[in-house]
Amino acid sequence: MAVAASTVNGFSLTPVSKADENYHRPTDLKAFDDTKAGVKGLVDAGITEIPRIFYSPPENFNSDDVSSETQIHIPVIDLEHIDKSTVDRVREASEKLGFFQLINHGIPVDVLEEMKDAVRRFHEQETESRKQYYTRDLTMPLIYNSNFDLYSAATTNWRDTFGYISAPKLHNPASLPEICRDILVDYSKRVMEVGKLLFELLSEALGLNPNYLNDIDCNEGLALVCHYYPQCPQPNLAIGTSEHTDNDFITVLLQDHIGGLQIRYENKWVDVPPVAGALVVNIGDLMQLITNDKFKSVKHRVLANKEGPRVSVAGVFSTLSFPTSKLYGPIKELLSEDNPAIYRETTVRDFSIQFRSVGLGTSTLQHFKLSEADT
Ligand SMILES: O=C(O)CCC(=O)C(=O)O
Ligand SMILES: [Fe+2]
């Protein structure tokens, strides 16, 4: 039997039908967080109306805003035979859309399937077992929560997530939950290899030595961010992931067959259709910064869906808040009198802290722009 959202796990979550004056967002956010059961917990409780905290602004549901143009396709790049045309396609996609898909990337289909299964297994295990990993403490080996920016973002997303930092090495894999341990370790190694190859292709696409981006350690850090988007009873009111750009060098994303990922191109939302066996690659803010805007970190979002769960695994190439003193600024070889530096130098840590402090949807890059007075 369906129950009202107000009684989920004994906590008061204001149901949507209540009048505005009864709604106190911070209280409801805390009540939701304290359940430690995530959005999955609400769905398990049988809600038929989404709690008010998940209401997304109506402008997110403007159908005029969605591209009907079939000519905009996210390129699918085949790595079976890599040659100059591969580099040209990577360059074109990175400059224009900031997104492309990869096939024949070297990760076997059964590994991709097992990785997606492990994400489902983790989120679908007994609630009591899952709860032990629920935390906002970034020093934990595995961080499970709903909405990393729950208390800072304007919109709460219909999504739960667990994350694991695989590089630079921090934790003993033995401290990871057994339910997903082996595949997290295996999949991370394989994504590292794909990343190394991608940084070579991106270096060449920039006209640099193929080792350039690996030599400056763009591949030093990798986090796996494993999303679970439960089915949503009112997908026209909530959003799976708010529009944002990624605060890393690149993201290598594995998505399942459900769909819902969209990118912002020429003021329209364009679907990134699921392609069996493919990985989605996108340029992050740090790559846009070091390429001085040549490669674009493009806004994207994920719609909530009646169908679900949807799972995805974002391989985030960044050392995040890991302490490091290395500075990243626009690559000197790419600059000229006509193309002066637009951004100041930053450590990856400062860049990440700025991103986390504002939450999804606010531009981190803007904060690192040189002002007129600096140039
Ligand atoms: O779930 C997805 O497809 C995308 C998630 C995403 O954009 C992210 O983790 O940055
Ligand atoms: Fe993203």
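Each ligand, and each atom within it, is numbered from 1 in the order the structure gives.
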**Prompt:** Taking non-hydrogen atoms only, is D246 closer than 4.0 angstrom to ligand 1 via side chain, backbone, both or neither?
**Reply:** side chain
**Request:** Go through the structure and list residues passing side chain to side chain donor-acceptor pair (under 3.5 Å) with E345, not counting sequence neighbours.
**Result:** none
**Fill in**
The answer for which part of H227 has a heavy atom under 4.0 Å from ligand 1 is side chain
**Message:** Among the N, O or S atoms of D246, which one sits nearest to the Fe ion (ligand 2)?
**Reply:** OD1
**Prompt:** Parallel, tilted or perpendicular: which fits the ring planes of F351 and F368, with parallel below 30° and perpendicular above 60°?
**Reply:** tilted
**Prompt:** Does the ring of Y55 carry R52 above it, NZ/CZ under 6.0 angstrom from centre and within 45° of its axis?
**Reply:** yes
**Asked** Numbering the atoms of ligand 1 from 1, which are under 4.0 Å from a heavy atom of L253?
**Response** 2 (C), 3 (O), 4 (C)
**ligand 1 atoms in contact with A314 (distance to a heavy atom under 4.0 Å)** = 9 (O)
**Message:** Under a 3.5 Å threshold, yes or no: a donor from one side chain and an acceptor from the other, between N145 and D160?
**Reply:** no
**Request:** Check whether any side-chain heavy atom of P233 sits under 4.5 Å from a side-chain heavy atom of Q231, and report yes or no.
**Result:** no
**Request:** For H244, counting its heavy atoms only, list the atoms of ligand 1 lying under 4.0 Å from any of them.
**Result:** 6 (C), 7 (O), 8 (C), 10 (O)
**Request:** Using modelled atom types only, decide if a donor and an acceptor are shared between the side chain of N339 and the backbone of L334 within a distance under 3.5 Å.
**Result:** yes
**Message:** Nearest non-hydrogen contact with atom 7 (O) of ligand 1 belongs to which option: Q255, R301, K299, H300?
**Reply:** H300
**Item:** Carboxylate-amine/guanidinium contact K96 E266, below 4.0 Å
**Value:** no
**Asked** Quick one: does ligand 1 sit under 4.0 Å from the side chain of V280, the backbone, both or neither, non-hydrogen atoms only?
**Response** neither
**Message:** Return the closest protein heavy atom for atom 4 (C) of ligand 1 as residue, atom name and distance.
**Reply:** V302 CG2, 3.7 Å
**Request:** Just need the protein heavy atom nearest to atom 3 (O) of ligand 1, so name the residue and atom and give the distance.
**Result:** R310 NH2, 2.7 Å
